[in-house]
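What's counted below: heavy atoms across the whole structure, side chains too, no hydrogens, waters or symmetry copies. Remember, predicted model here, so these are calculated numbers, not experimental data.
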Amino acid sequence: MPLSAARRLTDALPAALLPVIAGVALAAALGPEPGAATALLSGLAVTLLLILPALAVGTAVGALAGAWAGLAPCSAAGRVGRLLGNAGPLIPGFLLAAVAALAVRAGASALPLGWTALALPAACQAATLARPAMERALGIGTSGGGALRMAQGFGLDDRAALRHHVLPAAAAPALGGFQNAVLAAMAGATALESLLDLPGAGGLMIDAARNGSAAGALPPLVALCGLAAFLAALGHVARDRIDRTR
């Protein structure tokens, strides 16, 4: 990891770690069971395992598909990008989580379906942001095209210009909306954990709320805020790296 990216992540760690530490401390102090703090740490690991791969794959696939929708809208990849971008408002994460839970109860494998349910909203958002960014980078229908003209000015051929300048210009805005994707994934993961009885932090929070225990629901909520801040920081670091490659 480059020094600047490591510094950006290090600067963001206190904002992420403090809520996690506070949540664990609250669980130890207020938890109805002796092992509440350990259960919360294990739950955060489960939630992270659900969310991080789904966000990474969903954002990458959506950004590439959206970029291709701007570059070659009639190609197969371009059609996928347009479909993802148009379907975004129609498939909220909690609804996909409910569908995935029904499929799991019918005998499907839980983890692949859970990852897919969480990855789709991230892919839709990335595709929605990447397509117009690609069109601006190419100068389609606008006064843009700066990334393409700059690359051609350096004497790069079309393929090299696309790979080193135009595609990064389209991917960076997709990562700019990463924080919203994190929040959507958090909501979807909480729904999945609750519906499938997974021992994640979101499931612990919902179970405590159902039992009327504010002392049990507050620590997971605080810790999840820290986890969301950490994931958002990873998105900012990834965007910084892409910006530096252009």
Are Trp68 and Leu129 linked, directly or through intermediate hydrophobic residues, by side-chain heavy-atom contacts shorter than 4.5 Å (ILVMFWY only)? no
Between CG of Leu83 and CZ of Arg79, what distance do you get to the nearest 0.5 Å? 11.5 Å
Nearest 0.5 Å, please: how far is SG in Cys74 from CZ in Arg82? 6.0 Å
Verdict with reasoning, Val222 to Val20, per side chain to side chain contact (heavy atoms under 4.5 Å, CB included): CA-CA 7 Å; Val222 174; Val20 173; over 6 Å; no
Shortest non-hydrogen contact between Leu40 and Pro220, atoms and distance: CD1-CA, 3.7 Å
Are Ile206 and Leu118 in one and the same hydrophobic cluster, where Ile, Leu, Val, Met, Phe, Trp and Tyr link if side-chain heavy atoms are under 4.5 Å apart? yes
To the nearest 0.5 Å, what is the distance between OG on Ser194 and CE on Met205? 9.0 Å
Correct closest heavy-atom pair for Phe178 and Leu231 would be CE2-O, 3.2 Å
From CG (Leu48) to CZ (Phe230), nearest 0.5 Å: 7.0 Å
Tell me the closest heavy-atom pair linking Ala209 and Ala217, and the distance in Å. N-CB, 4.2 Å
Is the closest side-chain heavy-atom distance between Thr190 and Thr47 below 4.5 Å? no
Might you point out which heavy atoms bring Ala208 and Gly216 nearest each other, and give the distance in Å? CB-C, 3.4 Å
If you take all heavy atoms of Gly23 and Pro219, which pair is closest and at what distance? O-CB, 3.2 Å
Verify same cluster id: Leu52, Trp115 (apolar side-chain graph, 4.5 Å): yes
Does a side-chain heavy-atom distance below 4.5 Å link Met186 with Ile51? yes
The reported gap from CG in Leu204 to OG in Ser213 (rounded to nearest 0.5 angstrom) is 11.5 Å
Residues Leu84 and Ala127: closest non-hydrogen pair is CB-CB, 3.8 Å
Would a 4.5 Å heavy-atom cut-off, applied to side chains only, mark Leu102 and Val99 as touching? no
Honestly curious: do Val57 and Leu49 fall in one hydrophobic cluster under the side-chain, below-4.5 Å linking rule? no
Do Leu175 and Val61 share a hydrophobic cluster (ILVMFWY, side-chain heavy atoms under 4.5 Å, transitive)? no
Rounded distance (nearest 0.5 Å) linking atom CG of Leu50 with atom CG of Leu198: 6.5 Å
Below 4.5 Å, heavy atoms only, C-beta onward: do Gln125 and Thr59 meet side chain to side chain? no
